[in-house]
Student: 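Dropping a structure here in structure tokens format, bear with me for questions.
These numbers come from the heavy atoms of this one structure, side chains and all, not from hydrogens, waters or symmetry mates. Note that the numbering runs from 1 along the sequence shown for the chain.
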Amino acid sequence: MRKIYLIRHGQPELPGGERICLGSSELPLSTLGRLQACLLGLELGGRVSAVFSSPLSRARDTALALAPRVRVLPGLMEQYAGDWEGLSFELIRRRWPELYRARGENMDLPMPGAEEAGAALERFRAALDTALGSSTGDIAVVAHRSVNRLFLGSIAPEIPAASLYQSYGAWSELYYDGTFRLGRLNILPRPLLDRVTCLALLEAAGLPAEVKEHCKAAAQLALEIAAELESAGVETRRQLIESAALLHDIARLSPDHAALGARWLEVLGYGAQAEIIRQHHECPAQPPEAALVSLADKCLSGARRVGLEERFRLSFSKCIDEQARQAHARRKAAALALREKINSICGKEVVP
């Protein structure tokens, strides 16, 4: 019995962030899509003997996270969306209100001018036969939402089409012994956020070397403070501290990077880390893991350790208006109070 991991590619870079009807149009992976692909590679890469992909770059780049060599099969291409291809769903709703509403209840209704479902399913089946015939053992197939759903529905017609939905970066399990059998649906990768996984995510995010070094320095300092607190009888969750500190600046290249990084981690399924990342500018007193990550971040200039006073002096020049200066003062006061508390608990200067 062979296993097939049928994967939907990671999230693409949507123009303006607006949801569009994306058929066979070409769009690259977004940063979040690259993170999803990274997790897929960590979770599934060692389980398969071969990886096959649609020719579209969002699928191909997802597949390349699983294996350095990927065979591209044109039959795995997404279903062409016809007149709706590349249009926003809001525009589609206004232009075709009745059909849009009807497809919300029955997604098998054809889009105007689109590739027929039967034709799309036929060439997808042929591509899957090629993949199985040219490989041995378990394989991964990276394709798209509509064609994946059509195929899953053809082998499990008793399941409602809406239940066959796959999230970005998710897989469904198929078993093959001459006929196909459906296993689990819509599985999202959730590898442990250990140091190796976190560093792989930083790499996938495309961060410059200096940001990655800052993240590693913040994790090291946060762990050192945690160790001192543990010696003084305060319990901490070191794995959570290290992972959140390593990832706290994962969205550093984007505006409002704390909120965006938290949203990415929530989508990826790591809610505890997301909440710490969201708060890391504010130096919260609780939970202790969030406090330590935030404080470690504020004791660094790049990857260099500095005292809190120097760090806030250096950052004050970035305050361009009164609102920013007030936020700076609030954060400095919170950080100094937290430093005093930690140093008092430990009975020595742990935080400079």
Side-chain angles (χ1 to χ4, degrees), residues 1-11 23-24 36-37 39-56 58-60 62-67 69-80 103 105-110 115-191 268-269:
M1 180 81 67
R2 299 177 67 182
K3 183 182 287 188
I4 303 162
Y5 297 94
L6 182 60
I7 299 168
R8 184 186 182 191
H9 59 79
Q11 181 173 303
S24 55
Q36 291 165 333
L39 294 181
L40 280 167
L42 292 169
E43 189 99 330
L44 299 181
R47 303 188 195 179
V48 296
S49 62
V51 179
F52 300 86
S53 172
S54 154
L56 295 176
R58 59 187 182 273
R60 191 174 63 250
T62 300
L64 285 169
L66 278 79
R69 298 182 63 182
V70 171
R71 182 172 175 185
V72 172
L73 298 176
L76 300 176
M77 174 87 77
E78 177 61 304
Q79 185 180 13
Y80 173 59
R103 275 183 56 84
E105 299 175 359
N106 179 10
M107 62 183 66
D108 289 326
L109 291 174
E115 179 185 15
E116 292 183 358
L121 177 58
E122 183 178 357
R123 46 98 169 161
F124 187 89
R125 275 186 173 274
L128 198 52
D129 288 342
T130 298
L132 288 165
S134 61
S135 63
T136 59
D138 298 340
I139 62 173
V141 175
V142 184
H144 306 267
R145 175 186 175 181
S146 293
V147 288
N148 286 3
R149 182 184 62 80
L150 286 171
F151 181 74
L152 292 172
S154 73
I155 65 171
E158 72 281 2
I159 299 178
S163 299
L164 298 175
Y165 172 82
Q166 282 183 286
S167 305
Y168 288 124
W171 77 84
S172 295
E173 291 178 351
L174 309 176
Y175 297 92
Y176 181 76
D177 60 357
T179 59
F180 291 99
R181 180 169 60 84
L182 180 59
R184 295 183 297 165
L185 285 166
N186 200 39
I187 307 161
L188 289 164
R190 293 287 186 272
L268 296 175

Student: Working to the nearest 0.5 Å, report the span between OG1 of Thr179 and CG of Leu174.
Tutor: 11.5 Å

Student: List in chain and number order the residues that pass side chain to side chain donor-acceptor pair (under 3.5 Å) with Arg145, two or more places apart in sequence or in another chain; answer none if no residue qualifies.
Tutor: none

Student: How close do Met77 and Pro55 get, counting heavy atoms only, and between which atoms?
Tutor: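 That closest heavy-atom pairing would be CE-CG, 3.7 Å.
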
Student: For the residue pair Arg125 and Ile155, establish whether any side-chain heavy-atom pair is separated by less than 4.5 Å.
Tutor: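 Yes, side chains in contact.
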
Student: Search all heavy atoms of Ser154 against all heavy atoms of Pro157 and return the closest pair with its distance.
Tutor: O-CD, 4.0 Å

Student: Under the criterion side chain to side chain contact (heavy atoms under 4.5 Å, CB included), I'd like the reasoning laid out for Leu185 against Leu152: C-alpha separation, chi angles, the key distance, then a yes or no.
Tutor: CA-CA 9 Å; Leu185 285 166; Leu152 292 172; 4.1 Å; yes

Student: Hey, mind stepping through Arg184 and Ser172 against side chain to side chain contact (heavy atoms under 4.5 Å, CB included) and telling me if it holds?
Tutor: CA-CA 6 Å; Arg184 295 183 297 165; Ser172 295; over 6 Å; no

Student: Taking Arg149 for its side chain and Ala162 for its backbone only, find out whether a donor-acceptor pair lies under 3.5 Å.
Tutor: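 Such a contact is absent between Arg149 side chain and Ala162 backbone.
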
Student: Before giving the answer on side chain to side chain contact (heavy atoms under 4.5 Å, CB included), spell out for Met107 and Ser146 the whole-Å C-alpha distance, their side-chain angles and the decisive distance to 0.1 Å.
Tutor: CA-CA 10 Å; Met107 62 183 66; Ser146 293; over 6 Å; no

Student: Could you please spell out the steps behind the side chain to side chain contact (heavy atoms under 4.5 Å, CB included) verdict for Arg60 and Ser54?
Tutor: CA-CA 6 Å; Arg60 191 174 63 250; Ser54 154; over 6 Å; no

Student: What's the separation between atom CZ in Phe180 and atom CD1 in Ile4, rounded to the nearest 0.5 Å?
Tutor: 4.5 Å

Student: For Arg2, give me all partners under side chain to side chain contact (heavy atoms under 4.5 Å, CB included), at least two apart in sequence or on another chain.
Tutor: Leu132, Ser135, Asp138, Ile139

Student: What's the spacing between Asn148 CG and Leu6 CG if we round to 0.5 Å?
Tutor: 4.0 Å

Student: Looking only at heavy atoms, which two atoms of Gly169 and Gln36 are closest? And how far apart?
Tutor: CA-CB, 4.3 Å

Student: Mind checking what makes ring pair (Phe, Tyr, Trp, His ring centres under 6.0 Å) contact with Phe52, not counting sequence neighbours?
Tutor: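 For Phe52, no residue satisfies ring pair (Phe, Tyr, Trp, His ring centres under 6.0 Å) once neighbours in sequence are set aside.
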
Student: For the side chain of Ser134 and the backbone of Thr130, is there at least one donor-acceptor N/O pair under 3.5 Å apart?
Tutor: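 Yes, the answer is positive, given that a donor and an acceptor are paired below the 3.5 Å cut-off.
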
Student: Hey, are the side chains of Glu115 and Arg123 touching, using non-hydrogen atoms and a 4.5 Å cut-off?
Tutor: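 Contact flag for Glu115/Arg123 side chains = yes.
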
Student: Do Pro189 and Leu44 come close enough that some side-chain heavy atom pair is under 4.5 Å?
Tutor: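 The answer is no, as the side chains (C-beta and beyond) never meet within the 4.5 Å cut-off.
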
Student: Considering all heavy atoms of both residues, which atom of Thr62 and which atom of Arg58 are nearest to each other, and what is their separation?
Tutor: OG1-O, 2.7 Å

Student: For Gln166 and Asn186, test the side chains for any donor-to-acceptor distance below 3.5 angstrom and give the result as yes or no.
Tutor: no

Student: Which is it for Glu78 and Arg8 under the salt bridge (Lys or Arg N to Asp or Glu O under 4.0 Å) test, yes or no, and what are the steps along the way?
Tutor: CA-CA 10 Å; Glu78 177 61 304; Arg8 184 186 182 191; over 6 Å; no

Student: Can you see which heavy atom on Val48 is nearest to which on Ala140, and at what distance?
Tutor: CG1-N, 3.8 Å

Student: Anything under 30° is parallel, anything over 60° is perpendicular, the rest tilted; go ahead and classify Tyr5 against Trp171.
Tutor: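 If you compare the ring of Tyr5 with that of Trp171, the planes turn out perpendicular.
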
Student: So, does Ser49 use its side chain to make a donor-acceptor pair with the main chain of Thr136 at under 3.5 Å?
Tutor: yes

Student: For Leu76 and Val142, which heavy atoms make the closest approach, and how far apart are they?
Tutor: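 Looking at all heavy atoms of both residues, the shortest contact is CD1-O, 4.4 Å.
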
Student: Taking the side chain as every heavy atom from C-beta outward, state whether Leu150 and Leu164 have any atom pair closer than 4.5 Å.
Tutor: no

Student: I'd like to know if Glu173 pairs up with Arg181 as an ion pair, taking the criterion as any Lys NZ or Arg NE/NH1/NH2 lying under 4.0 Å from an Asp or Glu carboxylate oxygen.
Tutor: no

Student: Please state whether the rings of Phe124 and Phe151 are parallel, tilted or perpendicular, taking 30° and 60° as the class boundaries.
Tutor: tilted

Student: Got Leu182 and Ile159 here, is their nearest side-chain heavy-atom distance under 4.5 Å?
Tutor: yes

